[in-house]
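Heavy-atom basis, side chains included; hydrogens, waters and symmetry copies ignored.
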Amino acid sequence: MERTNMAESRLPLEWIAASLRRERARTGLSLSELAKRAGIAKSTLSQLEAGGGNPSVETLWALGVALGVPFSALVEPPVPSVQVIRAGQGPTVASEKAEYAATLLSASPPGARRDIYHLRAEPGAVRESEPHIPGSVEHLIVSTGRLKAGPAAETVELDAGDYMTYRGDVPHSYEALAPGTTFVLVMQHM
(Lines give C-alpha, C1' and ligand atoms only; values in the text may rest on other atoms or scores of the structure.)
Protein backbone atom coordinates (compact mmCIF):
# COMPACT_ATOMS: atom_id res chain seq x y z
CA MET A 1 0.00 0.00 0.00
CA GLU A 2 1.44 3.34 -1.07
CA ARG A 3 1.59 6.05 1.58
CA THR A 4 0.62 9.58 0.69
CA ASN A 5 3.35 12.16 1.14
CA MET A 6 1.99 14.44 3.87
CA ALA A 7 3.77 17.49 2.43
CA GLU A 8 1.92 17.03 -0.86
CA SER A 9 -1.50 16.97 0.82
CA ARG A 10 -1.00 20.10 2.96
CA LEU A 11 -3.07 23.17 2.30
CA PRO A 12 -1.27 26.25 1.04
CA LEU A 13 -0.35 28.37 4.04
CA GLU A 14 -1.36 31.50 2.11
CA TRP A 15 -5.04 30.36 2.25
CA ILE A 16 -4.88 29.88 6.00
CA ALA A 17 -3.03 33.17 6.53
CA ALA A 18 -5.56 35.13 4.45
CA SER A 19 -8.49 33.45 6.21
CA LEU A 20 -7.09 34.19 9.66
CA ARG A 21 -6.42 37.84 8.80
CA ARG A 22 -9.90 38.21 7.24
CA GLU A 23 -11.73 36.63 10.18
CA ARG A 24 -9.69 38.47 12.82
CA ALA A 25 -10.41 41.78 11.06
CA ARG A 26 -14.12 40.86 10.86
CA THR A 27 -14.28 40.28 14.61
CA GLY A 28 -12.09 43.28 15.49
CA LEU A 29 -9.87 41.17 17.75
CA SER A 30 -6.24 42.06 18.30
CA LEU A 31 -3.55 39.47 17.67
CA SER A 32 -3.01 39.15 21.44
CA GLU A 33 -6.70 38.77 22.24
CA LEU A 34 -7.31 36.10 19.60
CA ALA A 35 -4.23 34.14 20.70
CA LYS A 36 -5.43 34.32 24.31
CA ARG A 37 -8.96 33.15 23.43
CA ALA A 38 -7.60 30.29 21.31
CA GLY A 39 -5.06 29.26 23.97
CA ILE A 40 -2.07 29.57 21.64
CA ALA A 41 1.06 31.70 21.70
CA LYS A 42 0.83 35.14 20.13
CA SER A 43 4.02 34.37 18.18
CA THR A 44 2.37 31.24 16.72
CA LEU A 45 -0.64 33.24 15.56
CA SER A 46 1.59 35.97 14.14
CA GLN A 47 3.57 33.36 12.22
CA LEU A 48 0.37 31.76 10.86
CA GLU A 49 -1.02 35.12 9.72
CA ALA A 50 2.27 35.75 7.94
CA GLY A 51 1.90 32.49 6.01
CA GLY A 52 4.46 30.53 7.98
CA GLY A 53 4.45 27.75 10.52
CA ASN A 54 2.91 24.32 10.40
CA PRO A 55 -0.60 24.62 11.89
CA SER A 56 -2.16 21.53 13.40
CA VAL A 57 -5.82 20.61 13.21
CA GLU A 58 -6.09 21.39 16.91
CA THR A 59 -4.59 24.88 16.51
CA LEU A 60 -6.87 25.75 13.60
CA TRP A 61 -9.87 24.29 15.41
CA ALA A 62 -9.14 26.43 18.48
CA LEU A 63 -8.76 29.51 16.29
CA GLY A 64 -12.05 28.75 14.52
CA VAL A 65 -13.87 28.46 17.84
CA ALA A 66 -12.31 31.70 19.11
CA LEU A 67 -13.33 33.47 15.89
CA GLY A 68 -16.82 31.96 15.83
CA VAL A 69 -16.34 30.31 12.42
CA PRO A 70 -16.28 26.68 11.32
CA PHE A 71 -12.93 24.97 10.76
CA SER A 72 -13.64 24.92 7.02
CA ALA A 73 -13.70 28.75 6.90
CA LEU A 74 -10.00 28.74 7.78
CA VAL A 75 -8.83 26.10 5.30
CA GLU A 76 -11.11 26.37 2.26
CA PRO A 77 -9.62 27.81 -0.94
CA PRO A 78 -10.17 31.50 -1.53
CA VAL A 79 -13.29 32.34 -3.49
CA PRO A 80 -12.84 34.88 -6.25
CA SER A 81 -14.57 38.14 -5.37
CA VAL A 82 -15.93 38.37 -8.92
CA GLN A 83 -17.17 35.44 -10.97
CA VAL A 84 -18.12 35.74 -14.64
CA ILE A 85 -19.79 33.10 -16.81
CA ARG A 86 -19.74 34.10 -20.47
CA ALA A 87 -22.78 33.40 -22.63
CA GLY A 88 -22.89 29.73 -23.59
CA GLN A 89 -20.19 28.65 -21.13
CA GLY A 90 -22.02 27.52 -17.97
CA PRO A 91 -22.91 23.93 -17.02
CA THR A 92 -25.85 23.16 -19.31
CA VAL A 93 -28.29 20.25 -19.45
CA ALA A 94 -30.48 19.80 -22.56
CA SER A 95 -33.98 18.34 -22.78
CA GLU A 96 -34.64 15.15 -24.73
CA LYS A 97 -38.20 16.18 -25.68
CA ALA A 98 -37.91 19.84 -26.65
CA GLU A 99 -35.46 22.46 -27.88
CA TYR A 100 -34.77 23.48 -24.31
CA ALA A 101 -31.61 23.75 -22.21
CA ALA A 102 -30.99 24.88 -18.64
CA THR A 103 -27.76 26.51 -17.48
CA LEU A 104 -27.19 26.80 -13.73
CA LEU A 105 -25.63 30.15 -12.96
CA SER A 106 -25.98 30.21 -9.18
CA ALA A 107 -27.69 28.10 -6.55
CA SER A 108 -29.27 29.92 -3.61
CA PRO A 109 -27.67 29.16 -0.26
CA PRO A 110 -30.01 28.12 2.57
CA GLY A 111 -31.62 31.04 4.37
CA ALA A 112 -30.95 33.56 1.61
CA ARG A 113 -33.46 36.11 0.40
CA ARG A 114 -33.30 37.13 -3.24
CA ASP A 115 -34.82 40.21 -4.86
CA ILE A 116 -35.01 40.29 -8.68
CA TYR A 117 -34.87 43.45 -10.80
CA HIS A 118 -35.00 44.14 -14.55
CA LEU A 119 -32.92 47.24 -15.35
CA ARG A 120 -32.45 49.50 -18.35
CA ALA A 121 -29.41 51.73 -18.81
CA GLU A 122 -28.08 54.08 -21.47
CA PRO A 123 -24.47 55.14 -22.05
CA GLY A 124 -23.27 58.42 -20.63
CA ALA A 125 -23.39 58.11 -16.87
CA VAL A 126 -22.06 55.58 -14.39
CA ARG A 127 -24.51 54.40 -11.71
CA GLU A 128 -22.48 54.30 -8.50
CA SER A 129 -23.97 52.13 -5.77
CA GLU A 130 -23.17 52.33 -2.09
CA PRO A 131 -22.55 49.06 -0.20
CA HIS A 132 -25.69 47.12 0.71
CA ILE A 133 -26.18 45.31 4.03
CA PRO A 134 -23.32 42.98 5.09
CA GLY A 135 -23.42 39.61 3.33
CA SER A 136 -25.18 40.93 0.23
CA VAL A 137 -24.24 39.34 -3.10
CA GLU A 138 -25.32 40.57 -6.52
CA HIS A 139 -25.92 38.38 -9.56
CA LEU A 140 -26.53 39.95 -12.95
CA ILE A 141 -27.24 38.71 -16.46
CA VAL A 142 -26.98 41.07 -19.43
CA SER A 143 -30.03 40.73 -21.68
CA THR A 144 -29.21 43.26 -24.42
CA GLY A 145 -26.34 45.64 -25.14
CA ARG A 146 -23.09 45.81 -23.20
CA LEU A 147 -22.45 46.60 -19.55
CA LYS A 148 -19.45 47.40 -17.36
CA ALA A 149 -20.20 46.41 -13.76
CA GLY A 150 -18.78 45.16 -10.47
CA PRO A 151 -16.93 46.30 -7.37
CA ALA A 152 -15.07 49.60 -7.70
CA ALA A 153 -11.63 48.09 -8.37
CA GLU A 154 -12.84 45.00 -10.25
CA THR A 155 -15.32 46.12 -12.92
CA VAL A 156 -15.75 43.78 -15.90
CA GLU A 157 -17.17 44.40 -19.38
CA LEU A 158 -20.06 42.07 -20.20
CA ASP A 159 -21.94 41.24 -23.39
CA ALA A 160 -25.52 40.00 -23.85
CA GLY A 161 -25.91 36.59 -22.20
CA ASP A 162 -22.96 37.00 -19.80
CA TYR A 163 -23.45 36.33 -16.07
CA MET A 164 -21.52 37.92 -13.22
CA THR A 165 -21.61 37.70 -9.43
CA TYR A 166 -19.81 39.80 -6.82
CA ARG A 167 -20.13 41.12 -3.28
CA GLY A 168 -22.82 43.77 -3.00
CA ASP A 169 -21.65 44.95 0.42
CA VAL A 170 -18.81 46.97 -1.13
CA PRO A 171 -19.02 50.05 -3.40
CA HIS A 172 -19.93 48.94 -6.94
CA SER A 173 -21.16 50.40 -10.21
CA TYR A 174 -23.04 49.80 -13.46
CA GLU A 175 -22.26 51.53 -16.74
CA ALA A 176 -24.06 50.93 -20.05
CA LEU A 177 -21.61 50.66 -22.94
CA ALA A 178 -24.24 50.39 -25.69
CA PRO A 179 -27.65 52.01 -26.26
CA GLY A 180 -30.63 49.98 -25.03
CA THR A 181 -28.68 47.95 -22.49
CA THR A 182 -30.90 45.80 -20.27
CA PHE A 183 -30.00 43.35 -17.54
CA VAL A 184 -31.52 41.26 -14.79
CA LEU A 185 -30.14 41.92 -11.31
CA VAL A 186 -30.68 39.51 -8.44
CA MET A 187 -29.77 40.83 -5.00
CA GLN A 188 -29.14 38.08 -2.47
CA HIS A 189 -29.23 38.91 1.22
CA MET A 190 -28.12 36.51 3.94
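The closest donor-acceptor contact from the side chain of Glu23 to the backbone of Leu74 lies at 3.5 Å or more, if one exists at all. Side chain of Arg24 to backbone of Glu49: no donor-acceptor contact under 3.5 angstrom is found.
In this structure, Met164 and His139 have side chains that are not in contact, with every pair of non-hydrogen atoms separated by 4.5 Å or more. Between Leu63 and Leu48, the closest side-chain pair of non-hydrogen atoms falls below 4.5 Å. Side chains of Thr165 and Val84 form no contact here, defined as non-hydrogen atoms less than 4.5 Å apart. Under the 4.5 Å side-chain criterion, counting only non-hydrogen atoms from C-beta, Val69 is not in contact with Ser19. Proximity of Leu147 to Leu177: side-chain heavy atoms (C-beta onward) are nowhere separated by under 4.5 Å. Taking the side chain as every heavy atom from C-beta outward, Lys148 and Val156 never approach each other to under 4.5 Å. Within the 4.5 Å cutoff, the side chain of Leu158 has heavy atoms near those of the Leu140 side chain. For the pair Leu185/Glu138, a side-chain contact is recorded, criterion being any heavy-atom separation below 4.5 Å from C-beta on.
Note that CZ of Arg167 and NE2 of His172 are 11.5 Å apart. Values are rounded to the nearest 0.5 Å. The line from CG of Leu29 to NZ of Lys36 is 11.5 Å long, rounded to the nearest 0.5 Å. Rounding to the nearest 0.5 angstrom, the gap separating the OH atom in Tyr166 from the CD atom in Gln83 is 13.0 Å. To the nearest 0.5 angstrom, Met187 atom CE is 3.5 Å from His132 atom NE2. The line from CG of Asp162 to CD1 of Ile141 is 10.5 Å long, rounded to the nearest 0.5 Å. To the nearest 0.5 angstrom, Leu67 atom CG is 4.5 Å from Leu34 atom CG.
Two different hydrophobic clusters hold Ile116 and Ile133 under the rule that ILVMFWY side chains link at heavy-atom gaps under 4.5 Å.
Between the side chains of Ser46 and Ser43, not a single donor N or O lies within less than 3.5 Å of an accepting N or O.
The pair Arg146-Glu157 counts as a salt bridge, with a side-chain nitrogen and a carboxylate oxygen less than 4.0 angstrom apart.
Here the closest heavy-atom approach between residue Pro151 and residue Val170 is recorded as CB-CG2, 4.0 Å. Across all their heavy atoms, Pro55 and Leu13 have their closest contact at CD-CD2, 3.6 Å. A pairwise comparison of heavy atoms in Ala160 and Ala87 identifies O-CB, 3.7 Å as the closest pair. Ala66 and Arg37 make their closest contact through CB-CB, 3.9 Å (heavy atoms, listed as atom of the first residue, atom of the second, distance).
More than 12 heavy atoms of other shown residues, nucleotides or ligands fall within 6.0 angstrom of atom CZ in Arg86.
With ring centers used as reference points, Tyr174 lies under 6.0 Å from Phe183.
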